[in-house]
Amino acid sequence: MPVFEPLPPHLNLPAMEEEVLLRWHRERVFEQGLEQNRGGSPFVFYEGPPTANGMPGVHHILARSFKDCFLRYQQMQGRRVERRGGWDTHGLPVELEVERSLKLRSKQEIEEFGVEEFNRLCRSSVMEYIDEWEKLTNRIGFWLDMEHAYRTYDASYIESVWWSLKQIFDKGWLYRGYRVAPYCPRCQTSLSSHELGQPGAYRDDTPDPGVTIRFRLADEPDTSLLAWTTTPWTLPGNLALAVGRDISYVKVRQGGERLILAKARTEVLQGGYEVEEELTGADLIGLRYQRLFPFLPFQERGWRVLEADFVSTEEGTGIVHTSAVYGADDLRLCQEEGLEVMHTVGLDGRFLPFVEPYAGLFFKEADPVIQEDLRQRGLLYRQEQVLHTYPFCWRCETPLLYYALDSWFIRTTAVKQELLKHNSEVRWVPSHIRDGRMGNWLETLQDWNLSRARYWGTPLPIWVCPDCAREQCVGSFLELGLPEGTDPHKPFIDEVTLPCSCGGVMRRVPEVIDCWYDSGAMPYAQWHYPFENQERFRLGHPADYISEALDQTRGWFYTLLAESVMLFDQPAYRNVVVPSLVVDERGRKMSKSRRNVVDPWELLSKTGADALRWWFYTTVTVGQEYRISAQRVSESAVRFLNVLWNTQSFLVTYGNLAGWSPAGPRKVSRNPLDRWILARLEMTVRGVGAHLDSFDAHSACRAIEALVDDTSTWYLRCSRPRFRGAPEEAAEAFSTLWEVLCHTALMLAPFAPFISEAIYSELSQPVPGSPNSVHLARFPISQPERVDDSLVSEMEVVRHLVEDARGQREMRGVPNRQPLAGAVVVGANISQELLSVLAAEINVAQVSCSSPTVSRRPTIEIDFELTSELRKEGLLRAFIRQLQNLRKQLGLQPGQLVDLWVKAGSEVANVLDHRVDQLRSQCFLHGVHLVGEEDPFPRGLSAPREVVVQGMRVVLCLGPDGPDPLGSDAATSDGP
RNA sequence: CGGCCCGUAGCUCAGCUGGUUAGAGCGGGGCUCUUAUAAAGCUCAGGUCGCGGGUUCGAGUCCCGCCGGGCCGACCA
């Protein structure tokens, strides 16, 4: 029985992986690993919860690949690595899916449908694709405990979130404010700035009208102030105009009228004009003008020119139309002026009834109507179309408007310095994100718009007394006296009242909270902290490691940090790896409409998970885009995984043939090739460990690639004769190769969990006491005795010299198989043992070093003179090559003995006759028969093959006609 | 407008704290080696390392400016 199980001739990665998966499942390897390290020091990982109401894509595999490799590595270092999964379950995305399936169009319709049932459907739909997620997670080898996953809709989770909000409330950081925020009129809720940071929220080249309007001066109707806007629908709400005090303005005459605008913006004037007067902003401040529309109630201080610091002359006219409630600057300015502000557009995005001509019109639809109206009244000075960036709702794609309304905010600006400080303690990979994208975001931080006027979410736990307006933030279910098992969601929670100290009845505010707050709460809420698991949380915070794609900078990375800083004055994570985005082959974003979305299952079935993972780790440095295609992924697999597998296949095939087993005693080899590859192995072990310690998967994988390349293309190539040499010598070579492959598999385990498992399990299986999975083994430790820097650098020189020699042979037209007498190395001092490696590789009998002078670029001088002995030697090599080629073509296996019949001229025959023993052993021949030129070949042989050896014609025939024909089917079947 | 990343051979990308004649893979031409390899190796077709300055004995590598691509913010009245 062979020591190693023979391998299939060609590697089928997906099939191999499926087998490994079955074994892991059968033997509960994941659970064993956790069990085994129970006593180890924890390495804390947080899983960023995905929303499982959509199919997972390749970009999810990217993030999961990076999560997995460092966790596997740490586990192999003996750390206790718990990997609790989690699901993000609340929020607009979920509601939207349900609304679509129910064909509901507005909040009103949802309320008519019934919030209780609506939320029940949200709860069930959010787990719709959970199977897909679990299947994919499993298939790519990402080990995650999904059985005990946390869910943000669990009552215990919500209670922890309430607790945290109360902490924040008590510190005075949770407040209600009348603020302008991006607002979705379809979802009828405002959005936070990090929601606007979601991909696709801002769209370039959105067409909008750009209109320049005449505002006639109250006391001088022939003179108009010109103001520009891209939102005509805000004009009925105009309350003021704003100018900059130090900006230069001009009054120009054009036809019968006078126009006032910034001096720097006269380019907007149409037709000829004459400057009548130069003014400054200060001259304009306080001027009254005729209002455009009569809808807003009159107020004494309204419709005047105000001073503002935000006016620029980049575009428009240098005079800014101000509508109070549809711009952040506008609102601030009007409130400072003590103006009464009022909406002209309702929460549904439609004009309110008192704005009579437009009542009921959707704000965007009113744009052309209003323009027409103004045109007819002679107030529209200029009309054009502008293309600019405009925000849309990140889920329902409705154009947003900036809208002032009451919202609840978290005063994140109060802890800005702490956020910056704790962020600076985090190791970001790539490092530039820390001070770049993330740092920059924190510098320009706004207060967090927390409340959402929606249904499916964590209810905002604030109760208000209608009588005395007292606000109370509730931090636990106990405070409400909720019975065990009560669903804390809407609508039930809205029924719960609290007695106020003034005697009134407090009711909860109607809002739920931003679901991003939920996910940021996972470090404590997943454990129902502080109600339970206090110790567990304390030991598990901050996380040692998290990883998500780049789009989470302002998402989860931020909410984790913000909550952790506000609640615990700590960062939430110590190390964060941020892979960039996956794009298509041509560098474009993937989108359904473009039909360039790569299907993860299709990819996995073609190339397998290891290939995809490996490609993610190696193709670019983390932080660069991943331009993916099936072809690119499989190229990387062929280049690396296949070569590795072939090396493994070599060991298995020849090890079995030689009857070698790793179970026996292994002694330290003195052979230079063995010492060299072990030194390279040691270098790699050190390098890979160091890279992984600093969360650099890319460099770690590149180092492994280099080792595998050296093993296959140099170590194995040069060592080939030794594997077939004397048993003692072969054992050394097998031992070394075995050692290198085992360690390679161990280093590879975090990255390519399947192939490393296949290789390691097979190789270690004959050795009693080996772990039964590579993932239960320890990561290789450094073995300093293997270091040999001078050998490694000397080998480097030797390899260059070999290249040099091959180049020279090529130029001279002397094939490498022609043995030559000698060569001399110039400019390098090569040890005797490596000189023999060199000699063998370039096929010369002897190599020496000419002088001890060491030059930067050593060369080799070859003696190209051919003696008759060398010629004969070359002839034999050429003959053997043709013979082996024939064997391969006939499908004969190495080791399979056959007889050889040859027709050849006297020169060839003579050489064969003298070297028949070498021929027989090297080519697995039983007998060698020379056949006369005119004689026939015996029957039952392979078809005669005519070949040319050094210009001479030779006919070969192989057959089983020896006394002991071993398994010669292949040969006979081809016979005449 | 601001921040960050990228711009290296036909294509995809490496090039650490500045140091010899700038690398790999794929594709193409030529050759070689070989029963582990639907392989591999060598070699050729010669990349002003986006452009322009500067620091330095020395810069793809550091600094400044510009151009181009991408991402993210701000503005978008």
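Note: hydrogens, waters and symmetry copies are ignored here, and every other heavy atom, side chains too, is used. So that the names make sense, note that chain A is the first sequence line, chain B the second, and so on, each numbered from 1.
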* Asked: Checking all strands, does A/Glu625 fall into the base, sugar-phosphate, or nothing category for heavy-atom contacts under 4.0 angstrom?
  -> sugar-phosphate

* Asked: Mind checking what makes salt bridge (Lys or Arg N to Asp or Glu O under 4.0 Å) contact with A/Arg627, not counting sequence neighbours?
  -> none

* Quick one: does A/Ser712 reach the base of B/A36 with a side-chain donor-acceptor pair under 3.5 Å? -> yes

* Do A/Arg717 and B/A40 have a side chain to base donor-acceptor pair shorter than 3.5 Å? -> no

* Given Watson-Crick or G-U pairs with both distances under 3.5 Å, what dot-bracket string fits RNA chain B, with | for other-strand pairs and [ ] for crossing? -> (((((((..((((.....[...)))).(((((.......))))).....(((((..]....))))))))))))....

* To do: Using a 4.5 Å cut-off on heavy atoms from C-beta on, say whether the side chain of A/Thr618 contacts that of A/Glu705.
  => yes

* What is the distance from CD1 of A/Ile860 to P of B/C42, rounded to the nearest Å? -> 16 Å

* Asked: Looking across every strand, which nucleic acid part, if any, lies under 4.0 Å from A/Thr647 by heavy atom: base, sugar-phosphate, or nothing?
  -> base

* If you look at every strand shown and take non-hydrogen atoms under 4.0 Å, does A/Thr619 touch a base, only sugar-phosphate, or nothing? -> sugar-phosphate

* Indicate, with a heavy-atom threshold strictly under 4.0 Å, whether A/Arg720 touches base, sugar-phosphate, or nothing. => base

* Listed by chain and number, what are the side chain to side chain donor-acceptor pair (under 3.5 Å) partners of A/His698, not counting sequence neighbours? -> A/Arg702

* To do: Can you sort out the partners of A/Asp709 under side chain to side chain donor-acceptor pair (under 3.5 Å), two or more places apart, ordered by chain and number?
  => none

* To do: Could you list the residues that satisfy side-chain contact (heavy atoms from CB on, under 4.5 Å) with A/Ala262, not counting sequence neighbours?
  => A/Ile247, A/Tyr249, A/Arg265, A/Thr313

* Under the ring-ring contact (aromatic ring centres under 6.0 Å, His included) test, residues paired with A/Tyr715 that sit two or more places apart -> none

Nucleotides 2-10 of chain B: which of its N/O atoms have a protein N/O under 3.5 Å away?
{"from": "B/C4", "atom 1": "O2'", "to": "A/His432", "atom 2": "ND1", "distance (Å)": "3.0"}

* How would you list, by chain and number, every residue that makes a salt bridge (Lys or Arg N to Asp or Glu O under 4.0 Å) with A/Asp367, sequence neighbours excluded? -> none

* To do: Could you pull out all residues at least two apart from A/Thr619 that satisfy side-chain contact (heavy atoms from CB on, under 4.5 Å)?
  => A/Trp615, A/Tyr626

